[in-house]
Amino acid sequence: MSDRNGNPQDPDNGPESPHRLIEARLQKMAELGESVELYPYGFDRSHTSEQMRADEKSLTEAETKVRYPGRIMAKRGTGKTLFVPVQDERGTVQAYFRKDDLGDEAFHRVQKLMDIGDWVGVEGKLFRTRTGELSIHVEDFTFLSKAIRPLPEKYHDMSLENRCRRRYLDLAMNQESRERFRRRSEIIAEIRAFFAEEEFLEVETPVLQSLYGGATARPFKTHHNALDMTLYLRIADELYLKRLIVGGLEKVYEIAKDFRNEGMDRTHNPEFTMLECYAAYWDYHDMMDLMERLMRRLARGISADGKLKYGEVELDFSQPFGRIRFMDALQDKTGRDLMAADDEEVAAVAREHGITLKKGMGRDKILDELFSELVEPGLVQPTFVMDHPKELSPLAKAHRETEGLVERFEMFVAGFELSNSFSELNDPREQRERFVAQKALLEAGDEEAQQLDEDFLQAMEQGMPPTGGMGIGIDRLVMLLVDSNNIRDVLLFPHMRPEQS
RNA sequence: GCGCCACUAGCUCAAUUGGCAGAGCAACUGACUCUUAAUCAGUAGGUUCGGGGUUCGAUUCCCUGGUGGCGUACCA
């Protein structure tokens, strides 16, 4: 944007010195306001653009008068006629104005005083022009709202920055943007329907928390004035949802914003939408099955065969998802059995693969790095990666067979992580030990380590049944389903630095 | 965080080696009764992101601040 620094041509400069383009529109408003209501209170719509296209034949044959509101997207005049594409949410239908039909004064209003970007309601019969454009032969029209700022140019895409900063313009100008956000809403509705059928209860837990937990991440801090205390914006719902399991709610889920005080890039926004679900008596195998059912259903909602195009690749959700063990995948890539390897050997293998080791990186952290580097990029088709090293998962239950591992899986697809799940740790003694270990990390300066949550431990001490839990990154899921490679495409208002003068 | 690149009219973009700051769309005036990126004739629109420097002269070179894009690091 060129006007971000508030120069005198900036139309944001306010009423003191209106921009010339705004001035022109204000003058039209003044003239228009003498004869019509500029901002009326409603409009009685008979048809949407979509309905007119669907029912064109019957509407035309019956010579039905339609009443259709929308935004003016262009004006093409040929003297005493005027063609005006009028856009509603799902499409555009052209309005055809004739001076002979409307009279000089009304025609002047539409030809001279109505601008691109204004809202209008037109009334008339549907027909096709000689060139085949679906049109309304206007008999009467109503101003619905006057725009005093111009719309962006119609023929080139807006810059990504402008599309995000001024999403309303992106939506106004781009049908595919409107459709994409409609898809997002439908996907989330479908997810809710799925969880309802699976008999999960949708719940809401606090965003403002005095202790943050349930994930390894740095939080946002805020302050409660009346209580004069520091509060954190949640980084996960986990510890609250587990309290509900303790309480006897057997299947719960929440779709909510989490906040993590970390970097931003094409797959990360500081606030993002997370789904977490917990089911009593389940383990991570049950959660894998649930995830597979969910993904198959969502994929089939888009294409009947369960295969989705994502960028250059075709993702197949119709077949059983791949299942590999974390350590086996590493062994495949390194040719070494790292399960048996000691810390020195693991570090050596990491160096062989060009991984820079930092101070304080434990064995499990190094394994995680190796995995991200060697295995993750190759996980294109939906795959469950199972049975992770223990240290990285302080809330997961120890593996029932293998020492040093936990019962956990992450689902990967298209090279990124879509969900994360455990057989949840429910032994309060072990949970306390793990928190104490995390606390040590925290005190050693690891800002992402988890805090000891005494209230949560007390809940667990009350008895928590065996439980399966899972988190799904909804924004990434939507990216996958709408074939987008940037999180900003699926967030209406992604975080942007404020513009400054 | 770090590195590279970008920022010029309301929007999308040009401008040769440091030498008069331009186009398309949008706007304004006029012509045109089936146009569709309407067309035709004309008009207007600029603190070249902010600040500093070098120079006879800076959109152009240097320093600094801002915002963005891409890569990288952390993370979902």
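All values below were derived from every heavy atom in this structure, side-chain atoms included, with hydrogens, water molecules and symmetry-related copies excluded. By convention in this document, chain letters (A, B, ...) are assigned in the order of the sequence lines, proteins followed by strands, and residues within each chain are numbered from 1.
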*So, A/Asp387 and A/Tyr284: side-chain donor and acceptor under 3.5 Å apart, yes or no?*
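Checked: A/Asp387/A/Tyr284 side chains pair up, N/O donor to acceptor below 3.5 Å.
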*Less than 5.5 Å between centroids and less than 30° between ring planes, does A/Phe83 satisfy that with B/A38?*
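Aromatic stack with B/A38 absent for A/Phe83.
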*asked:* If I pick the P atom on B/G50 and the same atom on B/U55, what distance separates them, to the nearest angstrom?
replied: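 Pairwise P distance, B/U55 against B/G50, rounds to 22 Å.
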*Looking across every strand, which nucleic acid part, if any, lies under 4.0 Å from A/Arg163 by heavy atom: base, sugar-phosphate, or nothing?*
nothing
Short side-chain N/O contact to [N] OP1/OP2 from [X], under 4.0 Å:
{"X": "A/Asn269", "N": "B/A76", "result": "no"}
{"X": "A/Arg20", "N": "B/G10", "result": "yes"}
{"X": "A/Lys154", "N": "B/C11", "result": "no"}
{"X": "A/Lys99", "N": "B/C32", "result": "no"}
{"X": "A/Arg165", "N": "B/G68", "result": "yes"}
{"X": "A/Arg25", "N": "B/A27", "result": "no"}
{"X": "A/His19", "N": "B/G10", "result": "yes"}

*Counting side-chain heavy atoms from C-beta on, which of B/C70, B/A26, B/C11 comes nearest to A/Arg166?*
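Among B/C70, B/A26, B/C11, the one nearest the side chain of A/Arg166 is B/C11.
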*Give the nucleotide from the list B/A37, B/A76, B/U35 with an atom nearest to the side chain of A/Gln94.*
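So the nucleotide nearest the side chain must be B/U35.
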_Any residue in residues 70-79 of chain A with a heavy atom nearer than 4.0 angstrom to RNA chain B? Just list them by number, or reply none._
A/Arg76, A/Gly77, A/Thr78, A/Gly79
*In dot-bracket form, how is RNA chain B paired, counting a Watson-Crick or G-U wobble pair only if both its distances are under 3.5 Å and using | for bases paired to another strand?*
(((((((..((((.....[..)))).(((((.......))))).....(((((..]....))))))))))))....
